[in-house]
Structures are given as structure tokens and as C-alpha cells.
Amino acid sequence: MRIKLLGAAIMLGASALSLSACATGFPTKVSRYQAMPAPQGQSFVVVPMDARNMGGLEFSRYAEQVSQAMQAQGYARASSVNDATMVVQVGYKVDDGNLAVVEDPFRYNRYDPFYRGFYGRPFYSRYRYYGPRSAFYWGWDDPYWYSPFGDPVRTYTYYKSELDVNIRRKADNASLFEGRAQAKSATDNLGTIVPNLIEAMFTGFPGRSGETVRITVPPERKVKG
């Protein structure tokens, strides 16, 4: 019995490591408010929310991905702001990192999970976290982020990222779309994070107004641009 449980613990540890490599995809929380018109020849141009990013090489890469996503919806690219009927504003960011603590649920008797485990307090009460909700509220939501043979209390850093997309009608500056995609990840590399957030934002676009959905971008995808 104990051998089987030990094997299960090893598998759980391997599962946690695979998450850090994005093997299970990129989970996001996407909120959208929209009054988008059906595609009927409208054209768009993509601009940064932060004017300092205008003309930047990094922003140009993400702007191209957003443009491709808009074209896939049936809208046409405009050559300039003057020629566009819609203006797509894009902003993105990642924070400086957050510390989380995970406590091994088997720490009291590592080889017998029934000792103060399944018959004691709720299983997840062994996990501690910083902030108003669990560190696994959305994003890398695997509570087994620990090594069964290592320190029973582990700390790790996770990063919160965000993509904002606002679309306005140029003629009267009316808001047509306001979207926000958020995620937690084990990396703060924008080159990895932002393309995934863009894909999540345009999955099921434009969506139901006022609805928040959870979308997981499949792993090992090829990013264009």
C-alpha cells in the first residue's frame, strides 16, 4: 500500500514540473464588454495604450499578432489611423513576482497520508498562501507544486500578467470593445506571455458582453510574427 502511495507522490511531483514547462497549456481569465459591429468592410489600426511604445520593435511584434487576429474575424487592416474606421488600443504588463508557500500535506508522516490527512482536517488546509485567494486561484492551479523527497515547505515565485484591448469607433470615439486577459505563470518573459494572452483574448471573440471566461491556450503552439 505504501509503495503505491509513494509511486503516486512521485508522479504528482513530475506533474508539477511539467506545469512549469507549460505542458498543460496556458490558463487565462478573460473579461470582455462589447458592442462590436459585424464585419462589413470596417478597417482598423493597432496602436499602443502607452504612447512610449509607438514604433517600438517589441510592440510591433504584438501589434502584428493582434492585427492577424482582427483580420481572422473579418475586419480589414488600414494603412494609417486616418484611413481606419476603428482604433485598436493594446496594452500589456507583467508584475515583479509574488512569493507563494506550499506545504507538503504528508509532512506529519510522509509515508502514511492517513495520519492527519484524509481523516483529519480538509486536505487542502495544508496549503498556505499569500493574498486574499489561493495562489492557484487561476493560472497554474496544481496544489502539488512540491517534491515528495524535498523540503516539506517550499516557496516559489509566480508572475501575474495582463493584456488589455480596447476598440473604439474613430468617427465618434464610441467604445466598441473592452477586453482584459489575465494569467499567472512561472515566467515573466513577455515574449512568451503576451502571444498567449492575445490568443486567449481572441478565442470566441468578441464574446458575450459582461462575461468572464476561463480559456486555456494549447501548449506547443507556433507563434506568428
Which heavy-atom pair separates [X] from [Y] by the least distance, and what is that distance?
X: P27; Y: A183; result: O-CB, 3.5 Å
X: T28; Y: A200; result: OG1-CB, 3.2 Å
X: M201; Y: R32; result: O-NH1, 2.7 Å
X: A181; Y: V30; result: CB-CG2, 4.0 Å
X: Y75; Y: P37; result: OH-O, 2.6 Å

Could you give the distance from [atom1] ([X]) to [atom2] ([Y]), rounded to the nearest 0.5 Å?
X: I198; Y: Y92; atom1: CD1; atom2: OH; result: 9.0 Å
X: R214; Y: K29; atom1: CZ; atom2: NZ; result: 6.0 Å
X: F59; Y: M49; atom1: CZ; atom2: CE; result: 9.5 Å
X: L99; Y: T157; atom1: CG; atom2: OG1; result: 5.5 Å
X: L197; Y: F26; atom1: CG; atom2: CZ; result: 4.5 Å
X: N189; Y: S161; atom1: CG; atom2: OG; result: 11.0 Å

Scan residues 88-98 for pairs that pass salt bridge (charged side-chain N to carboxylate O under 4.0 Å, His left out), counting only residues two or more places apart or in two chains. none
Tell me whether [X] shares a hydrophobic cluster with [Y], the cluster being built from Ile, Leu, Val, Met, Phe, Trp, Tyr side chains joined at under 4.5 Å.
X: V46; Y: M36; result: yes
X: V88; Y: L176; result: yes
X: Y159; Y: Y62; result: yes
X: V45; Y: M70; result: no
X: L190; Y: V90; result: yes

Is there a donor-acceptor pair under 3.5 Å between the side chain of [X] and the backbone N or O of [Y]?
X: T85; Y: S43; value: yes
X: K170; Y: N82; value: yes
X: S185; Y: T187; value: yes
X: R168; Y: N173; value: yes
X: Q71; Y: R77; value: no
X: S31; Y: R180; value: no
X: N196; Y: T192; value: yes

Quick one: ring pair (Phe, Tyr, Trp, His ring centres under 6.0 Å) partners of F177, sequence neighbours excluded? F205
Tell me, yes or no, whether the heavy-atom count around R208 atom CZ, taken from other residues, nucleotides or ligands under 6.0 Å, exceeds 12. no
With a 4.5 Å heavy-atom cut-off, do E58 and N53 have their side chains touching? no
